[in-house]
Amino acid sequence: MDMQPDFSSERSQRIDVWLWTARIFKTRSAATAACRGGHVQVDGQRVKAAQKVRIGETIRVRKAGFEQILVLRGFTERRGPASLAQQLYEDRSPAPDPALRGFTPRRDKGLGRPTKKDRRALDRLRGYRS
């Protein structure tokens, strides 16, 4: 099977398969779960995992604390190396906020385990919950 990307405009592929082959998610089941959870949008619309995508469509993927904005440029049948995967999309994600770069929330020594309220506040700060 050929590992070269396919850039033909009449081609389409399932969004969960494309997210996996483009190395946006580590596993196809993680890509499917993200679609099911509403974290993936194609041209502004939430999609199911079986939704077919075409070249030129804009894909927004929300992950822990940030959002990736990708423009689909090609397809491949199999998951390959990262250098090949980067040819499948154009990344239009905004630059991360420099104020948050390298920031890791820490608890003072001797405070013990965080309470449920503390843990939820940390999760909100990290972007896991709203």
Side-chain angles (χ1 to χ4, degrees):
M1 213 175 240
D2 191 18
M3 289 290 290
Q4 293 300 318
D6 183 6
F7 298 108
S8 62
S9 61
E10 65 273 354
R11 179 101 193 275
S12 67
Q13 191 172 37
R14 285 175 58 117
I15 184 70
D16 61 338
V17 173
W18 186 85
L19 290 168
W20 174 67
T21 58
R23 292 182 169 268
I24 308 303
F25 289 97
K26 205 169 195 176
T27 63
R28 185 169 167 198
S29 60
T32 303
C35 292
R36 196 175 297 130
H39 301 291
V40 179
Q41 293 182 354
V42 175
D43 291 334
Q45 300 292 317
R46 291 173 61 180
V47 294
K48 294 183 178 181
Q51 175 77 39
K52 298 282 187 178
V53 288
R54 296 185 171 280
I55 290 180
E57 292 182 325
T58 302
I59 300 168
R60 289 177 173 264
V61 180
R62 209 169 17 127
K63 286 186 173 181
F66 68 98
E67 184 176 57
Q68 278 185 295
I69 301 171
L70 312 167
V71 177
L72 198 143
R73 294 287 175 224
F75 301 103
T76 184
E77 290 299 317
R78 295 179 7 191
R79 184 177 166 111
S83 59
L84 175 74
Q86 289 173 346
Q87 296 175 22
L88 301 179
Y89 60 88
E90 175 187 337
D91 194 353
R92 292 190 182 168
S93 304
D97 186 5
L100 297 177
R101 181 171 290 161
F103 176 74
T104 306
R106 301 229 186 258
R107 289 181 54 81
D108 292 330
K109 193 167 184 154
L111 288 178
R113 286 181 63 175
T115 64
K116 194 172 198 177
K117 183 178 178 181
D118 293 337
R119 184 180 48 79
R120 287 181 176 161
L122 284 172
D123 284 347
R124 256 192 315 279
L125 185 62
R126 291 181 181 139
Y128 296 136
R129 293 193 177 141
S130 43

Q) Atom CG in Leu84, atom OG1 in Thr76: separation rounded to 0.5 Å? A) 5.0 Å
Q | Hphob cluster co-occupancy, Phe25 + Trp18, side-chain heavy atoms under 4.5 angstrom | A | yes
Q. Which value, rounded to the nearest 0.5 Å, describes the distance between Arg113 atom CZ and Arg119 atom CZ?
A. 9.5 Å
Q) What are the two closest non-hydrogen atoms of Arg60 and Ile69, and how far apart are they? A) NH1-CD1, 3.5 Å
Q) If only atom types and distance count, is the side chain of Arg92 paired as donor or acceptor with the main-chain N or O of Val71 below 3.5 Å? A) no
Q.
Filter on salt bridge (charged side-chain N to carboxylate O under 4.0 Å, His left out), then keep only pairs touching residues 23-33, sequence neighbours left out; what's left?
A. Asp16-Arg28
Q.
If I compare all heavy atoms of Arg73 with all of Gly56, which pair ends up nearest, and what's the gap?
A. NH1-CA, 4.5 Å
**Q.** Stepwise side chain to side chain contact (heavy atoms under 4.5 Å, CB included) check, Tyr89 with Ile24
**A.** CA-CA 10 Å; Tyr89 60 88; Ile24 308 303; 3.9 Å; yes
Q: Dump the intermediate steps for side chain to side chain contact (heavy atoms under 4.5 Å, CB included) on Ile55 and Phe75, then the final yes or no.
A: CA-CA 8 Å; Ile55 290 180; Phe75 301 103; 3.7 Å; yes
Q.
How close do Leu88 and Ala22 get, counting heavy atoms only, and between which atoms?
A. CD1-CA, 3.9 Å
Q) Between CG of Leu72 and CZ of Arg11, what distance do you get to the nearest 0.5 Å? A) 10.5 Å
**Q.** Distance in Å, Trp20 CH2 paired with Gln13 CD, rounded so as to fall on 0.5 Å steps
**A.** 10.0 Å
Could you give the side-chain donor-acceptor pairs of residues 38-53 under 3.5 Å, partners two or more places apart or in another chain?
{"residue": "His39", "atom": "ND1", "partner": "Arg62", "partner atom": "NH2", "Å": "3.2"}
{"residue": "Asp43", "atom": "OD1", "partner": "Thr58", "partner atom": "N", "Å": "3.0"}

Q. Out of curiosity, Leu111 CG to Asp118 CG, how far, rounded to the nearest 0.5 Å?
A. 8.5 Å
